[in-house]
Each structure stands twice: as C-alpha cells, then as structure tokens.
Amino acid sequence: RYWRDWSSDVCSSDLAAMTTSAREWRAAREEDIRKAYADKECWTDLDRITCWHPYCFGSIEEWPLDAAVICKPTDRASVLLGSIKAACSLEDICQALSVKVTVVVTMCANEMEIRGAPKDWAQYFQQENVYHVKCHLEDTTLKPPHRWEERIPDLVASCLEQWKIVCGQLWKQSMLAVTRGESMHVLFHCLGGINRSAGGLCAWLVVGYSYSAEDAVQLLLEKRPALRPWHNRPYVLEALWQLEGLRAEWHMELSAAGTN
C-alpha cells in the first residue's frame, strides 16, 4: 500500500479544520512556523548548514546537498524535500540517506537552466531511471500580506490546479509501483526547496496519504524546523486548508482516472 485508507481516517485535526475559518487556521500555522524557526535548539544539522550558507543564485555548484526525508508513510515509500541541487544529486542522496529516488517532482519547470545543473534534464532523469513530474508555480511574494488579500483567491486556485496535476501523476505512479511490487521514493524540489516544493509535498501528503493539512505542515516543521516556508505567501497555507476539504472529491476523480 502506498497511501492510507482515507475512509476511516478522520482525526480531531480534520474536524477542527472543518470548523475553523481559513484565516484563523492560516494564522495558527504561521505561528507554528514562527515558533519552529525561533527554537534553534531543535534545528537539525542540515538546518544549520543551509541557514548560514552564502548562496549564489547564479550557480548551484557550491550549494550544499539539502535533501531531507520528510516522512516514510509506508515501509516501501518515502517523501523527500530539497532544492534544485538535490534534484541533480540523486546518487549523492542515495549514498547519504540510503534512499533511491524513483520519482522527482519539479515545481519550477521554467527555472531549471542554471549553472551547475544538467544541460539535458530529460536525459539525466532517464539515466537515473527516474520518473519526472514537472509543473510550474510562480513564487509570488505578497508584501505585506494584508495589503494583497484580493490576490489570494487566484493564487490559491493556481496552487490547487498545479497540485491536482502533480497528485494525479503521482497517484498513477503509485498504482504502477504497487502492481510491480516496487518502492516509490518521491523527491519534491523547486529552486530553493523552501516554498513551492514544500507546498507540493504537503499537498501530496494530504491527498496521497490522507494526512490532515495541519499534520502535514507539522511533519514538515519537525524535519526542517528552520525552513520557514511560505513567508509572505499566505495563499499556500490557505490552499492547503481548502485542499483538505476537497480531498474526498479528488480521491474519487483520481481513483476513476486510475482505472481508465
């Protein structure tokens, strides 16, 4: 099995999300993110390395390997997060984390040409025997967020649209993996591995493994407390809140598509 049985998986946090307004829920998660970042005693070694590294966005050659296993929902599946550096360091990930990535989800399809990255990504993934899922989400920053509330609905809709595409492809891959008796280890990445990829990863946990949106965010913060995702991007959290309410509908659609 590559996902949990959602039919009997309704927990207290699910019910709380259903009865709490999106704005209140969003504010609570933003506070969780702030507290995780502030508690430096809980930072991992990877957090300390990435937080203080002098990143150059003209080249990723000197970027540290930042892949992290966020969770292992089943004994044959894992979900990882990283930057574009992680996406082009799959052999290093295998050696460092003992995980052979089988699927890479790219959330920044229009930003893949950068110094230090493969010149031909399609050939690279083929050589690594990796299935590549790609979409593009603009990394839109709202500063200050309260002045841009009118933009949030469109940005939420964009997140949900792209997440549905990604989840649909991952659903099909998970079905194939089950049929073949294979493992499925998915790496989510964007350029920096902080915002778009973290949102996509949480969306897959909600849809593919029936986590509540709150539990998905908490799990991310437990593994990468210093990540501080979605700063000045409140629409991502609101999209996750809405996604939980859409999950049953998406399950039916994905299950029907998987049988065709």
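Judged by distance alone, the side chains of T50 and D66 never bring a donor and an acceptor atom under 3.5 Å apart. For the residue pair H185 / S78, a side-chain donor-acceptor distance below 3.5 Å is found, with atom types taken as modelled.
By the side chain to side chain contact (heavy atoms under 4.5 Å, CB included) test, K119 is found to be paired with no residue, residues two or more places apart in sequence or in another chain being considered. Listed by chain and number, the residues in a side chain to side chain contact (heavy atoms under 4.5 Å, CB included) with D154 amount to none (sequence neighbours excluded). In terms of the side chain to side chain contact (heavy atoms under 4.5 Å, CB included) criterion, residue partners of E41 (sequence neighbours excluded) are, by chain and number, D39. Qualifying side chain to side chain contact (heavy atoms under 4.5 Å, CB included) partners for T140, counting only residues two or more places apart in sequence or in other chains: E138, L142, R151, L155, Y235.
Contact check for L205 versus S210: no side-chain heavy atoms found under the 4.5 Å cut-off. Contact check for L220 versus C202: side-chain heavy atoms found under the 4.5 Å cut-off. Counting heavy atoms from C-beta on, the side chains of M112 and T106 come closer than 4.5 Å.
Between atom CG of residue N110 and atom NZ of residue K134 there is a gap of 9.5 Å, rounded to the nearest 0.5 Å. Distance check, rounded to the nearest 0.5 Å: CD of Q126 to CG of D120 gives 9.0 Å. Separating the CG atom in D139 from the CG atom in N195 is a distance of 5.0 Å, to the nearest 0.5 Å. Rounding to the nearest 0.5 Å gives a distance of 9.5 Å between OG of S197 and CG of L191. Between the CG atom in L201 and the SG atom in C190 there is a gap of 10.5 Å [rounded to 0.5 Å]. Considering NE2 of H189 and CG of L81, their distance stands at 10.5 Å, rounded to 0.5 Å.
Counted within 6.0 Å of CD on E31, heavy atoms from surrounding residues, nucleotides or ligands total more than 12; the atom is thus considered enclosed. Environment of CG in N129: sparse, with no more than 12 heavy atoms of neighbouring residues, nucleotides or ligands closer than 6.0 Å. Within a 6.0 Å radius of NZ in K72, no more than 12 heavy atoms belonging to other residues, nucleotides or ligands are found.
Here the side chain of S89 pairs no donor or acceptor atom with the backbone of L65 at under 3.5 angstrom. Under a 3.5 Å cut-off, the side chain of E244 and the backbone N or O of S212 do not form any donor-acceptor pair. A donor-acceptor contact shorter than 3.5 Å links the side chain of T74 to the backbone of A77. When atom types are taken as modelled, the side chain of R233 and the backbone of H231 share a donor-acceptor pair closer than 3.5 angstrom. Within the 3.5 Å criterion, the main-chain N or O of V207 finds a donor-acceptor partner in the side chain of H251.
Within the structure, salt bridge (charged side-chain N to carboxylate O under 4.0 Å, His left out) contacts touching residues 193-203 (residues at least two apart or in different chains) are E111-R196. Note on residues 79-122: pairs passing ring pair (Phe, Tyr, Trp, His ring centres under 6.0 Å), not counting sequence neighbours, are W121-Y124, W121-F125. Pairs of residues two or more places apart, or lying in two chains, never qualify as salt bridge (charged side-chain N to carboxylate O under 4.0 Å, His left out) while including a residue from residues 77-86. Every pair passing ring pair (Phe, Tyr, Trp, His ring centres under 6.0 Å) that includes a residue from residues 60-109 is listed here, sequence neighbours excluded: Y55-W63, F57-W63. Residue pairs satisfying the salt bridge (charged side-chain N to carboxylate O under 4.0 Å, His left out) criterion with at least one member in residues 42-65, sequence neighbours excluded, are listed as follows: D45-R48, D47-R224, E61-R115.
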Side-chain polar contacts of residues 156-170 - donor-acceptor pairs under 3.5 angstrom, sequence neighbours left out - could you list them?
from	atom 1	to	atom 2	distance (Å)
K164	NZ	E253	OE1	2.5
Q169	OE1	Y131	OH	3.3

Identify each donor-acceptor pair in which a side-chain atom of residues 90-100 lies under 3.5 Å from a protein atom, sequence neighbours left out, and give them as a table.
from	atom 1	to	atom 2	distance (Å)
K100	NZ	E128	O	3.0

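For R29 and W25, the positive end sits near the middle of the six-membered ring, less than 6.0 Å away and at most 45° from its axis.
A pairwise comparison of heavy atoms in A198 and P229 identifies CB-CB, 4.4 Å as the closest pair.
Look at R23 and E30 and you find no salt bridge, because none of the NZ, NE, NH1 or NH2 atoms lies under 4.0 Å from a carboxylate O. The pair E214-R26 fails the salt-bridge criterion, with no side-chain N (NZ, NE, NH1 or NH2) lying under 4.0 Å from an Asp/Glu carboxylate O.
The hydrophobic cluster around Y37 extends to W43, W52, counting ILVMFWY residues whose side-chain heavy atoms fall within less than 4.5 Å of a member.
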